[in-house]
Amino acid sequence: MKKLSELLSAITVEEVIGNEEVMISSVECDSRRVGLGSLFVAIKGTTVDGHLFIPIVTVGGVVAIVCEELPERLESTITYVKVSNSAVALGFLASQWYDNPSRHLKLVGVTGTNGKTTTASLIYEMARLKGYKAGLISTVCNYIDDVAEPTTQTTPDALTLNALLRRMVDAGCTYAAMEVSSHAAHQHRISGLHFAGGIFTNLTRDHLDYHKTVEAYLDAKKSFFDNLPKTAFALTNLDDKVGEVMLQNTLAVRRSYSLREPADFNCRVIESRLDGMLLSLNGKEVEVLFTGRFNAYNLTAVYGASILLGWDVEETLINMSRLIPVAGRFQSFRSKTGVTAIVDYAHTPDAVVNVLSAIRDIVGSKGKILTVVGAGGNRDKGKRPIMAREAALRSDRLILTSDNPRFEDPMDILHDMEEGLDNRAKAMSLCIADRREAIKTAVALAEEGDVILIAGKGHEDYQEIQGVKHHFDDREVVKEIFSTL
């Protein structure tokens, strides 16, 4: 229980009507969760306006309501708090409700189109390798030290987020890493959090079904750095065309990493194999269990963040050699017949290019690359033909298949992807809507020394079809098919 006045001290208030000393039993933004003594925050969401539920929650036991627009009818038993932006206010209220857990952690946020999960996960692992208790909030899984919890969103809502951080602090965690999605930044889910550092990986086309334009997508990512405190570090990828733009308005200490340009943290790939790489980080060599230039970028960001967090250089390099790849990120499987299958979450054109380029650099002309890839339904349709074109350009055979068709006809999605193929590409491509059959076909076509890339789903263990999630795991399917060879 907390007094409303204590919670309100964390936000900027335009007007208060009622008793500020009323006791609050919970803070809610979902009208279905309110109870006796609740504070309800009415948020104007992307699909539903929480203000529409104010008449409902007034009979649900709430004692206070935070809103941007006061209702016409005011109840004498309820305190009304008017603010300019309810979503921003919710973040600060959630932090205050849970006693500002982010201020008791060294919290590092990672944003960008690709590499967020790997980079955040590896920072979490680095902290644990140093002997610290740490937390992780990511697309794949949330961790409170070594306890795993399933996740449904890249970045949870402000209340869930602060509850997780509170539990991390109570469990003795001193470090935490989290992915910061563009949706979360735009919807102010991270408002009120205190970050020790922020990392920018890269920016390519994604989520335009939500943001509409690349500029709006960029602005959402940039807002994370704009709001970092001057006590934090802001580490950016200098090789990305908007890397420096991201830090234009930040108050944080600016630092950079690069594989091409002079930067605070530089990396050179000395040797690359399907099962690892030899890197030079600021002139010091380290063997890692990761492959591809895209992972070299991720690891350089992890190295930079580790040093900026104050960790010893030599110990950091030793621990980096002990890191293992994140589930579903360039995860390889080898058959008895000498065929390698790589399962990767690559679901944007740039990510597909990165993974296929890494495979080609290693395989060269010694083997063929067969790519199995699709595109999600009810999402950015503009990237579908681009995904197919980029995959075809870098593969010897291409199989287009389903990847969470959701409420769309899978064949309609595949036809959209085919629009990106010229006659040469169409001649070496197949459309197989059944993802299991697509993978099975790729294995049947592959010969010793060939590599099959199965892209798009990575760690996911389902296919979403007509609103229902059916169990499906690329990794399980590959192992099952390989076992019959």
Margin query: Tell me the closest heavy-atom pair linking Ala171 and Ile144, and the distance in Å.
Written below: CB-CG2, 3.8 Å
Next item on the list: Identify the heavy atoms of Tyr257 and Thr201 that sit nearest to each other, and give their distance.
Entry: OH-CA, 3.4 Å
Notebook entry, point to check: After noting the C-alpha distance and the side-chain angles of Asp219 and His186, does the key distance pass the side-chain contact (heavy atoms from CB on, under 4.5 Å) rule?
Noted result: CA-CA 8 Å; Asp219 287 343; His186 183 255; over 6 Å; no
Next item on the list: Kindly determine whether Met320 and Leu299 satisfy side-chain contact (heavy atoms from CB on, under 4.5 Å), including the steps that lead there.
Entry: CA-CA 8 Å; Met320 288 186 73; Leu299 289 163; 3.9 Å; yes
Note to self: To the nearest 0.5 Å, what is the distance between OG on Ser256 and CE on Met246?
What the structure shows: 15.0 Å
Checklist line | Main-chain N/O of Ala433 paired with Ser402 side-chain donor or acceptor, under 3.5 Å | finding: yes
Checklist line | Cationic N near anionic O, under 4.0 Å, Glu314 to Lys284 | finding: yes
Item checked: Ser321 side chain vs Val286 backbone, donor-acceptor pair below 3.5 Å -> no
Check: Quick one: does Asn282's side chain have a donor or acceptor within less than 3.5 Å of a partner on Asn266's backbone?
Finding: yes
Notebook entry, point to check: Looking only at atom types and distance, does a side-chain atom of Thr401 sit under 3.5 Å from a main-chain N or O of Ile432, one as donor and one as acceptor?
Noted result: yes
Checklist line | Asn202 backbone acceptor or donor facing Asn237 side chain under 3.5 Å | finding: no
Next item on the list: Determine whether the side chains of Asp350 and Thr113 contain a donor N or O and an acceptor N or O closer than 3.5 Å.
Entry: no
Item checked: The single option from Asp344, Ile359, Ile342 passing side chain to side chain contact (heavy atoms under 4.5 Å, CB included) against Ser332 -> Ile342
Notebook entry, point to check: Considering only heavy atoms from C-beta outward, does the side chain of Ile43 approach that of Gln187 to under 4.5 Å?
Noted result: no
Note to self: If we ignore hydrogens and angles and just use 3.5 Å, is the side chain of Asp403 paired with the main-chain N or O of Ala375 as donor and acceptor?
What the structure shows: no
Check: Which pairs count as salt bridge (charged side-chain N to carboxylate O under 4.0 Å, His left out) when at least one residue sits in residues 126-150, sequence neighbours excluded?
Finding: Arg128-Asp145, Lys130-Glu315, Glu149-Arg167
Check: How many angstroms lie between CZ in Arg406 and CD in Glu464, if you round to the nearest 0.5 Å?
Finding: 5.5 Å
Next item on the list: In sequence, state the C-alpha distance, the side-chain angles, and the governing distance for Glu125 and Arg322, and then conclude on salt bridge (charged side-chain N to carboxylate O under 4.0 Å, His left out).
Entry: CA-CA 10 Å; Glu125 292 291 356; Arg322 299 165 63 190; over 6 Å; no
Note to self: Ignoring hydrogens and geometry beyond distance, is a side-chain donor-acceptor pair present between Arg329 and His459 at under 3.5 Å?
What the structure shows: yes
Next item on the list: Would you list the pairs meeting salt bridge (charged side-chain N to carboxylate O under 4.0 Å, His left out) in which at least one residue belongs to residues 243-266, sequence neighbours left out?
Entry: none
Check: Ser102 side chain to Leu193 main-chain N or O, any donor-acceptor pair under 3.5 Å?
Finding: no
Notebook entry, point to check: For Asp361 and Ser272, what are the C-alpha separation, side-chain angles and deciding distance, and is it a side-chain contact (heavy atoms from CB on, under 4.5 Å)?
Noted result: CA-CA 8 Å; Asp361 286 345; Ser272 188; 5.9 Å; no
Margin query: Contact between Thr316 and Tyr303 at the side-chain level, heavy atoms closer than 4.5 Å - yes or no?
Written below: yes
Item checked: Shortest non-hydrogen contact between Leu356 and Ser395, atoms and distance -> CD1-OG, 3.8 Å
Margin query: Quick check: closest heavy atoms across Gly328 and Arg475, and the distance to 0.1 Å?
Written below: N-NH1, 4.1 Å
Notebook entry, point to check: How many angstroms lie between atom CE of Met417 and atom CD1 of Ile386, to the nearest 0.5 angstrom?
Noted result: 10.5 Å
Next item on the list: Enumerate the residue pairs fulfilling salt bridge (charged side-chain N to carboxylate O under 4.0 Å, His left out) with a member in residues 427-450, sequence neighbours excluded, ordered by first and then second residue.
Entry: Lys368-Glu447, Lys368-Asp450, Arg435-Asp474, Arg436-Glu480
Check: Are Tyr297 and Asp239 linked by a side-chain donor-acceptor pair shorter than 3.5 Å?
Finding: yes
Note to self: Does Arg273 form a salt bridge (charged side-chain N to carboxylate O under 4.0 Å, His left out) with Glu287? I'd like the steps, not just the answer.
What the structure shows: CA-CA 11 Å; Arg273 307 174 305 279; Glu287 185 77 41; 2.6 Å; yes
Margin query: To the nearest 0.5 Å, what is the distance between CE on Met178 and CZ on Phe195?
Written below: 4.5 Å
Next item on the list: Answer yes or no: is there a side-chain heavy-atom contact under 4.5 Å between Lys381 and Glu408?
Entry: yes
Item checked: Ring geometry between Phe225 and Phe200 (parallel below 30°, tilted from 30 to 60°, perpendicular above 60°) -> perpendicular
Item checked: Qualifying residue, where the test is side chain to side chain contact (heavy atoms under 4.5 Å, CB included) with Lys222 and the options are Val242, Asn249, Leu203, Thr111 -> Asn249
Check: Just wondering, do Cys141 and Leu136 contact through their side chains at under 4.5 Å, heavy atoms?
Finding: no
Item checked: Over all atoms of both residues, closest heavy-atom pair of Ala301 and Thr119 -> CB-CG2, 4.1 Å
Checklist line | Ring centroid separation Tyr143 to Tyr124 under 6.0 Å | finding: yes
Note to self: Using modelled atom types and a 3.5 Å cut-off, is there a donor and acceptor pairing between side-chain atoms of Asp422 and backbone atoms of Ala425?
What the structure shows: yes
Checklist line | Approximate separation, where rounding is to 0.5 Å, of Leu165 CG and Arg103 CZ | finding: 12.5 Å
Notebook entry, point to check: Are Asp396 and Arg360 close enough that some pair of their side-chain heavy atoms sits under 4.5 Å apart?
Noted result: yes
Note to self: Tell me if a side-chain donor or acceptor on Thr291 pairs with a main-chain N or O of Leu274 at a distance below 3.5 Å.
What the structure shows: yes
Checklist line | Glu179 backbone acceptor or donor facing Ser138 side chain under 3.5 Å | finding: no
Margin query: Any non-hydrogen side-chain atom of Thr300 less than 4.5 Å from a side-chain atom of Leu281?
Written below: yes
Next item on the list: Evaluate side-chain contact (heavy atoms from CB on, under 4.5 Å) for Tyr175 paired with Val108, printing each intermediate quantity in order.
Entry: CA-CA 8 Å; Tyr175 288 88; Val108 178; over 6 Å; no
Checklist line | Spacing of Lys469 atom NZ and Glu460 atom CD [to the nearest 0.5 Å] | finding: 8.0 Å
Next item on the list: Could you check if a side-chain atom of His188 sits within less than 4.5 angstrom of a side-chain atom of Leu90, using non-hydrogen atoms only?
Entry: no
Next item on the list: Evaluate whether atom CG of Leu485 has more than 12 neighbouring non-hydrogen atoms of other residues, nucleotides or ligands under 6.0 angstrom away.
Entry: yes
Next item on the list: For residues Val140 and Ala327, report the shortest heavy-atom separation together with the two atoms involved.
Entry: CG2-O, 4.4 Å
Note to self: A side-chain contact here means heavy atoms from C-beta on lying under 4.5 Å apart; do Arg189 and Pro156 qualify?
What the structure shows: no
Check: Is there a donor in the side chain of Asn404 and an acceptor in the side chain of Lys457, or the other way round, less than 3.5 Å apart?
Finding: yes
